[in-house]
Colleague: 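There's a structure below that I have some questions on.
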Protein chains: 2
Amino acid sequence: MDNQKDIYNIGEDVCSINLIHEKSVENAKKALLTEDVYTDLSDTFRIFGNPTRLKIMSLLAVEDLCVCDISEALSMSQSAVSHQLRTLRGQNLVKFKKEGKQARYSLSDRHVVEILKIGIEHVLE
Amino acid sequence: MDNQKDIYNIGEDVCSINLIHEKSVENAKKALLTEDVYTDLSDTFRIFGNPTRLKIMSLLAVEDLCVCDISEALSMSQSAVSHQLRTLRGQNLVKFKKEGKQARYSLSDRHVVEILKIGIEHVLE
DNA sequence: TCGATATATGATAATTTGTTCATATGTACA
DNA sequence: TGTACATATGAACAAATTATCATATATCGA
């Protein structure tokens with residue numbers, strides 16, 4: 001028991017008494033996924049955490065558009081939009097197809113719209 | 001038409017030809033929500049964009065827990081956890097109830113679990 | 001009331017993020 | 001081949017974020 005206390009309290013600021021709700025903690029811990037999953041998951045959600053990217057995704061939920069269209073629609077510089085599209089591509093949230101000089105972007109994943117939808121529900125409630 | 005070009009091109013880096021896909025742009029723009037909604041929405045999603053907060057939410061999806069339990073479960077300092085709980089509270093993603101010296105936290109919204117679930121689906125595919 | 005414990009929070013430093021500016025790349029067409 | 005246009009990207013700088021440390025607040029029990 002003293003032994004166990006040491007295990008959980010290696011010079012850390014963690015709670016100093018042994019375990020407040022030991023059973024609950026053990027149970028909840030079982031639901032934790034691997035570190036990698038949380039890294040990927042937070043990387044993905046982070047992408048949704050920016051108004052410009054959300055607007056881009058909203059637009060693409062309606063129509064496939066080229067970079068220039070998006071710049072137009074959002075009154076933002078081509079550069080800013082292109083950088084954000086790159087970020088979105090990086091997490092596989094949008095994809096694109098070259099069409100001559102242009103690149104036509106579209107959402108790559110039904111999850112994108114689902115996540116947007118639930119987020120909007122949450123915000124509007 | 002020259003006139004119109006000026007409107008859309010006020011010294012900006014925006015596309016210099018008039019409108020590539022005018023109809024599509026007009027149509028997609030109709031789907032844009034207000035600036036406020038995008039601000040709230042990105043504030044909410046930003047919260048999901050951090051592994052520590054995701055882990056906290058995962059734990060709370062299983063069991064209501066006090067701060068100390070969470071510190072324990074994640075081997076993180078009480079301070080770090082408390083700061084993150086504050087952030088989560090700020091977006092109404094968790095709530096808490098004082099119980100004596102402790103504060104027992106729980107998820108405040110079914111949307112939290114739904115968003116987590118879809119996010120995990122996206123990541124694991 | 002005093003000491004221990006549970007939680008909250010202000011300040012700080014290291015890191016990350018988002019836009020802008022300048023420029024590069026690539027395609028079309030005259 | 002040369003020019004115009006659509007997109008991509010590197011550098012840079014300001015703003016935001018996250019964990020840590022130190023400390024404050026609040027509650028319980030002796």
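FYI, side chains are in, hydrogens and waters are out, and symmetry mates aren't considered; it's all heavy atoms of this structure. Note that the structure is predicted; figures quoted are calculated from it, not measured. Every chain is numbered from 1, with letters handed out A, B, ... down the list of sequences.
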Colleague: From CG of A:Leu85 over to P of D:dT9, roughly how many Å is that when rounded to an integer?
Modeller: 11 Å
Colleague: Going by modelled atom types, is there a donor-acceptor pair between the base of D:dT18 and the side chain of B:Thr52 at under 3.5 Å?
Modeller: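 Not at all, since no donor on one side and acceptor on the other fall under 3.5 Å apart.
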Colleague: B:Lys95 has an atom NZ; how far is it from atom C1' of C:dT7, in whole Å?
Modeller: 19 Å
Colleague: Within this structure, what is the NZ-to-P distance between B:Lys98 and D:dT27, rounded to whole angstrom?
Modeller: 6 Å
Colleague: Can you check whether B:Arg89 has a side-chain N or O nearer than 4.0 Å to OP1 or OP2 of C:dT7?
Modeller: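 No, outside the criterion.
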Colleague: C:dT20 C1' sits how many Å from A:Met76 CE, rounded?
Modeller: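 Going from CE in A:Met76 over to C1' in C:dT20 covers 10 Å.
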Colleague: Go through D:dT7, C:dT7, C:dT5 for me and flag the one nearest to the B:Cys66 side chain.
Modeller: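 Closest nucleotide to the B:Cys66 side chain: C:dT7.
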Colleague: Hey, are A:Ser58 and B:Tyr38 close enough side-chain-wise for a donor-acceptor pair under 3.5 Å?
Modeller: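 There is such a pair between these side chains.
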Colleague: Considering just the side-chain nitrogens and oxygens of B:Gln78, establish if one lies under 4.0 Å of OP1 or OP2 belonging to C:dA8.
Modeller: no
Colleague: Which whole-number value in Å describes the distance from A:Glu99 CD to D:dA6 C1'?
Modeller: 13 Å
Colleague: On the nucleotide D:dC21, are OP1 or OP2 found under 4.0 Å from the side-chain N or O atoms that B:Ser77 carries?
Modeller: no
Colleague: Has A:His83 got its ring stacked on the base of D:dT9, with centres under 5.5 Å and planes less than 30° apart?
Modeller: yes
Colleague: Say you draw a straight line from CD of A:Gln91 to CZ of A:Arg53; how long is it, rounded to the nearest 0.5 Å?
Modeller: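 Atom-to-atom, A:Gln91:CD and A:Arg53:CZ are 10.0 Å apart.
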Colleague: Nearest whole angstrom, please: distance from the P of D:dA6 to the CD of A:Glu72.
Modeller: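 Rounded to the whole Å, the gap is 12 Å.
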Colleague: Kindly say if A:Arg53 contacts the phosphate of C:dT17, meaning a side-chain N or O under 4.0 Å from OP1 or OP2.
Modeller: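 Looking at the OP1 and OP2 atoms of C:dT17, neither is under 4.0 Å from any side-chain N or O of A:Arg53.
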Colleague: A:Lys101 has a side chain; which of C:dG26, D:dT7, C:dT7 sits nearest to it?
Modeller: C:dG26
Colleague: Is it true that B:Glu114 and A:Lys117 have a side-chain N and a carboxylate O under 4.0 angstrom from each other?
Modeller: no
Colleague: In this structure, how many angstroms lie between the P atom of D:dC28 and the CD atom of B:Gln102, rounded?
Modeller: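 Rounded to the whole Å, the gap is 10 Å.
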Colleague: With a 4.0 Å cut-off on N to O distance, would you call B:Glu63 and B:Arg104 a salt bridge?
Modeller: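 No, B:Glu63 and B:Arg104 are not salt-bridged.
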Colleague: OP1 or OP2 of C:dA6 versus the side-chain N and O atoms of B:Arg104: is any pair under 4.0 Å?
Modeller: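 For C:dA6, OP1/OP2 do not have a side-chain N/O of B:Arg104 under 4.0 Å.
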Colleague: Check whether any side-chain N or O of A:Asn50 sits under 4.0 Å from OP1 or OP2 of C:dT17, and answer yes or no.
Modeller: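 Looking at the OP1 and OP2 atoms of C:dT17, neither is under 4.0 Å from any side-chain N or O of A:Asn50.
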Colleague: Tell me every residue that passes side-chain hydrogen bond (donor to acceptor under 3.5 Å, both in side chains) with B:Arg89, counting only those two or more places apart in sequence or in another chain.
Modeller: B:Tyr105
Colleague: So, is B:Gln84 close to the D:dA19 phosphate, meaning a side-chain N or O under 4.0 Å from OP1 or OP2?
Modeller: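 So the side-chain polar atoms of B:Gln84 do come within 4.0 Å of the phosphate oxygens OP1 or OP2 of D:dA19, strictly under.
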Colleague: Reading DNA chain C from 5' onward, which residue's closest nucleotide shows up sooner: B:Arg86 or B:Arg46?
Modeller: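 This one resolves to B:Arg86.
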Colleague: Take the protein atom OH of B:Tyr105 and the nucleotide atom P of C:dA6, then report the distance between them rounded to whole Å.
Modeller: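 Checked: the OH to P distance equals 15 Å.
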Colleague: Picking from B:Ile47, B:Ile115, B:Leu85, what satisfies side-chain contact (heavy atoms from CB on, under 4.5 Å) with B:Leu93?
Modeller: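 So the option named by the test is B:Ile47.
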Colleague: Should A:Ser82 be listed as having a side-chain N or O under 4.0 Å from OP1 or OP2 of D:dT7?
Modeller: no
Colleague: Would you say the base of C:dT17 and the side-chain of A:Thr87 have a donor-acceptor pair closer than 3.5 Å?
Modeller: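 Side chain to base: no pair below 3.5 Å.
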